[in-house]
2 protein chains.
Amino acid sequence: MEKDITIYDIARELDLSPTTISRALNDHPAVNKKTKQRISDAAAQMGYRSNLFASNLRTQRTNTIGVIVPRLNSPFMSSVLAGMEKVANDAGYNLIISQSLETLQKEVANAKTMFDSRVDGLLVSLSYETENIDHFLNIINKGIPVIFYDRVAEHRNCTSIVIDNLQAAYQATSHLIEQGCTNIVNITGNLKRNVYSDRLKGYKYALIDHNLAYNDANVIINNLSEEAGEEAAKKILKMDPLPDGIFVSNDTCAVSCIKTLKQAGVSVPRDIAVVGFNNDAISRVVEPNLTTINYPGQEMGEVAVRVLLLQMGGNTERIPSNTINLRSELIIRDSSLRSKISTKKKAILI
Amino acid sequence: MEKDITIYDIARELDLSPTTISRALNDHPAVNKKTKQRISDAAAQMGYRSNLFASNLRTQRTNTIGVIVPRLNSPFMSSVLAGMEKVANDAGYNLIISQSLETLQKEVANAKTMFDSRVDGLLVSLSYETENIDHFLNIINKGIPVIFYDRVAEHRNCTSIVIDNLQAAYQATSHLIEQGCTNIVNITGNLKRNVYSDRLKGYKYALIDHNLAYNDANVIINNLSEEAGEEAAKKILKMDPLPDGIFVSNDTCAVSCIKTLKQAGVSVPRDIAVVGFNNDAISRVVEPNLTTINYPGQEMGEVAVRVLLLQMGGNTERIPSNTINLRSELIIRDSSLRSKISTKKKAILI
DNA sequence: TTGTAAGCGTTATCAG
DNA sequence: CTGATAACGCTTACAA
């Protein structure tokens with residue numbers, strides 16, 4: 001644990017000034033090429049490493065991007081993070097990641113940490129509990145770019161990155177209707193969050209546009225976990241009449257729901273057709289394979305960092321729109337194909 | 001973007017010295033309780049935030065833990081990270097996370113970044129390509145604690161956190177043998193990594209101990225991805241005779257393997273029994289449900305950080321053992337239960 | 001219990 | 001092209 005080499009040590013060694021060393025190491029144009037070479041050689045040989053803190057202290061920048069995420073261990077979020085890390089790392093930025101675990105309390109603490117860590121920019125996806133974004137205001141008001149992704153909030157100075165959840169849900173629900181479903185349940189998450197309330201809207205509008213009645217009793221709100229899917233399925237099994245379609249706001253919950261229904265002797269999609277959301281790996285494994293919305297997580301992460309980098313670069317030409325919409329699409333698999341099944345069924349019956 | 005408040009500003013405001021402000025904010029005992037209160041009130045009211053860089057520069061500590069991970073978007077790794085973040089955050093540490101994407105080149109770059117960021121401790125799981133840990137030596141030699149987890153390397157000064165991969169694989173393979181399998185294929189990852197070579201050993205020893213021949217031709221080495229599972233299955237389908245059991249080193253690969261086998265008309269477990277590794281969510285969804293090894297990812301992350309904190313705390317009483325073994329266990333599900341199936345089968349045939 | 005002053009390692013400014 | 005000097009904001013001997 002010997003002492004660190006500083007630019008002073010190099011300066012002494014080469015009989016130059018620390019200033020020149022600093023400039024050379026930062027590839028400043030006003031330094032002789034030969035001296036530059038000598039300096040970088042000496043630095044390497046002496047095992048010099050730049051002290052980021054001194055540098056940060058001086059420059060007031062940190063080369064660090066903060067990320068606040070509801071949970072690290074979700075397939076969707078880990079894709080997002082993978083995309084973020086890739087772009088950030090390529091641009092020479094570090095990522096500080098923290099999770100709110102869906103609580104406001106932790107989210108507030110995380111925001112404070114990010115503030116104190118003086119991140120150059122912040123990426124946030126809100127927790128279930130969050131009611132407002134007061135805890136981000138000091139960051140935003142300092143002029144530090146804050147971008148919300150997936151679970152977003154409105155703020156004049158903040159870009160949001162989302163997919164068109166309403167549209168996606170509308171499409172999913174319409175698909176079920178086209179498959180002949182007339183009594184569709186919607187399982188979704190906390191309506192405080194845009195993603196879930198928008199999906200509920202999409203579901204509702206699709207019903208109305210197809211002249212089907214919307215009914216509050218057909219909406220189940222839970223935390224979309226595996227366990228929640230099981231409970232939801234049990235609730236559904238008690239409904240009379242049984243619904244003939246279910247639109248679930250994520251794949252984890254949809255899959256456990258399907259499992260429970262099957263165990264109870266309900267056939268998917270014949271008795272009940274199911275559509276999920278996210279296109280997690282699990283959706284291609286469950287039987288029948290799950291019809292779902294492809295949500296490009298990795299891309300969302302990449303875009304989020306790219307836009308953040310622009311804004312951190314003092315790019316004052318505002319991104320034209322305050323909201324960036326990524327494309328999503330319905331992927332139709334067997335869990336919703338009633339026409340196909342019933343045709344087959346008929347064929348067999350004959 | 002006004003100027004930041006510093007302790008000097010507070011000092012001026014309250015007509016005290018910066019020293020006292022600093023001490024008060026750090027809850028130093030030698031400060032009058034009343035002054036402490038006054039100071040912390042003033043700080044809050046003035047919107048003061050501590051400058052971590054100045055503090056880090058002075059104290060030579062960063063309150064930051066670095067994590068290098070092969071990929072962020074794997075179910076296992078995201079569980080590990082969730083565990084790490086939880087413990088680190090509770091202890092007041094930030095997590096800087098970067099991924100090697102299984103390449104040596106990125107891992108080396110990541111190590112350098114962590115070094116330059118002066119992390120107080122480092123958690124590493126090695127990439128596929130890594131041959132040695134030279135790129136971590138400057139960190140280790142500086143006395144910064146480095147802990148390897150899951151995919152580990154040997155170093156006198158570094159603790160490793162693992163499960164007993166050999167034992168787990170031995171158990172998995174023995175289970176297949178007990179189910180009547182006599183011709184078992186092992187699909188595993190790059191043998192440079194302990195996790196995969198140990199699992200191969202466990203497989204081999206189990207065969208030998210049960211008087212079954214070990215055969216190189218029965219070992220498939222790939223990157224354990226979804227696609228790799230499909231290819232492996234195709235390779236297996238060409239084997240003559242067909243094997244009657246497969247032990248796969250992760251669930252993702254095992255599941256896609258099962259899917260491909262089923263599509264080809266092979267019955268699992270009747271024709272071929274399958275065991276996976278990790279106990280990812282997917283293993284509870286595939287049909288038949290996948291027998292697998294429960295690998296406690298979240299716990300591994302928590303333990304890793306806890307041990308790191310001890311070591312960073314200058315806890316010189318070395319952790320007695322240099323390797324920490326977490327418990328893992330075989331979870332038996334239908335994908336490997338041949339005896340049960342054949343019984344059922346018989347019953348039906350009667 | 002409080003204060004003075006030096007220094008952590010950089011970089012920006014100004015001067016040569 | 002190179003150098004002297006003064007910050008950046010905090011902590012810590014040492015002094016009072």
Side-chain angles (χ1 to χ4, degrees), chain A residues 1-40 42-43 46-64 92 94 115-120 142 314, chain B residues 1-40 42-43 46-64 92 115-120 142:
Chain A
M1 233 187 292
E2 333 85 44
K3 262 195 87 334
D4 269 324
I5 305 291
T6 74
I7 52 175
Y8 281 86
D9 298 322
I10 305 181
R12 206 175 312 113
E13 189 77 13
L14 300 184
D15 207 21
L16 287 167
S17 80
T19 311
T20 305
I21 309 296
S22 170
R23 284 205 266 251
L25 293 173
N26 288 314
D27 208 22
H28 190 104
V31 176
N32 188 306
K33 269 209 170 166
K34 275 190 184 162
T35 10
K36 243 182 214 173
Q37 190 56 50
R38 268 177 67 215
I39 291 174
S40 85
M46 297 171 71
Y48 166 82
R49 65 169 171 170
S50 145
N51 186 319
L52 283 182
F53 301 117
S55 172
N56 289 341
L57 178 58
R58 203 40 242 252
T59 59
Q60 307 281 22
R61 314 193 71 256
T62 67
N63 270 348
T64 296
N94 283 338
F115 188 55
D116 288 344
S117 303
R118 281 177 157 70
V119 293
D120 290 335
K142 264 235 144 42
Chain B
M1 229 185 292
E2 335 84 46
K3 264 199 79 334
D4 268 326
I5 306 292
T6 74
I7 52 173
Y8 283 86
D9 299 322
I10 304 180
R12 205 174 314 113
E13 189 76 14
L14 299 184
D15 207 23
L16 286 166
S17 80
T19 310
T20 306
I21 310 296
S22 170
R23 286 204 264 250
L25 293 173
N26 289 315
D27 208 22
H28 189 104
V31 176
N32 188 306
K33 268 209 171 166
K34 276 189 186 165
T35 10
K36 243 183 215 172
Q37 191 57 50
R38 267 177 70 214
I39 291 175
S40 85
M46 297 170 72
Y48 166 81
R49 64 169 170 172
S50 145
N51 186 320
L52 282 182
F53 301 116
S55 170
N56 288 341
L57 179 59
R58 201 40 240 252
T59 59
Q60 307 281 19
R61 315 194 70 255
T62 68
N63 269 348
T64 296
F115 188 54
D116 289 345
S117 302
R118 283 177 156 70
V119 293
D120 290 336
K142 263 234 144 43

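Lettering of chains follows the sequences in order, A, B, ..., and the numbering in each one begins at 1.
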Please give, in whole Å, the distance from [N] [atom2] to [X] [atom1]?
X: A:Arg38; N: D:dC1; atom1: CZ; atom2: C1'; answer: 14 Å
X: A:Asn63; N: C:dT10; atom1: CG; atom2: P; answer: 15 Å
X: A:Tyr8; N: C:dG7; atom1: OH; atom2: C1'; answer: 11 Å
X: A:Ile39; N: C:dT11; atom1: CD1; atom2: P; answer: 13 Å
X: B:Arg61; N: D:dT12; atom1: CZ; atom2: C1'; answer: 16 Å

B:Phe53 ring centre to A:Arg118 NZ or CZ under 6.0 Å, with the angle to the axis within 45°?
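Checked: cation-pi criterion not met.
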Under-4.0 Å side-chain N/O to phosphate OP1/OP2 contact, [X] with [N]:
X: B:Asn26; N: D:dT11; answer: yes
X: A:Gln60; N: D:dG9; answer: yes
X: A:Ser17; N: D:dT2; answer: no

At under 4.0 Å between heavy atoms, what does A:Arg49 touch on the DNA or RNA strands: base, sugar-phosphate, or nothing?
sugar-phosphate
So what does B:Asn56 hit on the nucleic acid, given a heavy-atom distance under 4.0 Å: a base, only sugar-phosphate, or nothing?
nothing
Of B:Thr59 and A:Pro29, the one whose closest DNA chain D nucleotide lies more 5':
A:Pro29
Between the base of D:dG9 and the side chain of A:Arg58, is there any donor-acceptor pair under 3.5 Å?
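Donor-acceptor pair under 3.5 Å: no.
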What about B:Thr19, does its side chain sit under 3.5 Å from the base of C:dT4 through a donor-acceptor pair?
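Looking at the base of C:dT4, it does pair with a donor or acceptor on the side chain of B:Thr19 (distance under 3.5 Å).
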Residue [X], side-chain atoms from C-beta onward, closest of [options]:
X: A:Ser22; options: C:dT11, C:dT2, D:dG9; result: C:dT11
X: A:Ala30; options: C:dT1, D:dC1, D:dG9; result: D:dC1
X: B:Ser55; options: D:dA4, D:dC10, C:dC8; result: D:dC10
X: B:Tyr48; options: D:dG3, C:dT10, D:dC10; result: D:dC10
X: A:Val31; options: D:dC14, D:dT2, C:dT10; result: D:dT2
X: B:Asn32; options: D:dG9, C:dT1, C:dG3; result: C:dT1
X: B:Leu16; options: D:dG9, C:dT10, C:dT2; result: C:dT2

So, taking the atom named CG in B:Asn56 and the one named CG in B:Asn51, what distance separates them when rounded to the nearest 0.5 Å?
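Rounded to the nearest 0.5 Å, the CG-CG separation comes out at 8.5 Å.
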Looking at B:Lys34, is its backbone amide N or carbonyl O close enough to the side chain of B:Asn32 to form a donor-acceptor pair, meaning the two atoms are under 3.5 Å apart?
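Judged by distance alone, yes, a pair lies under 3.5 Å.
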Which residues satisfy the side-chain contact (heavy atoms from CB on, under 4.5 Å) test with B:Thr20, sequence neighbours excluded?
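Residues passing side-chain contact (heavy atoms from CB on, under 4.5 Å) with B:Thr20: B:Ser17, B:Val31, B:Ile39.
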Could you tell me which residues satisfy side-chain contact (heavy atoms from CB on, under 4.5 Å) with A:Arg61, sequence neighbours excluded, listed by chain and number?
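Once residues adjacent in sequence are excluded, the partners of A:Arg61 under the side-chain contact (heavy atoms from CB on, under 4.5 Å) criterion are A:Thr59, A:Asn63, A:Tyr93, A:Asp120.
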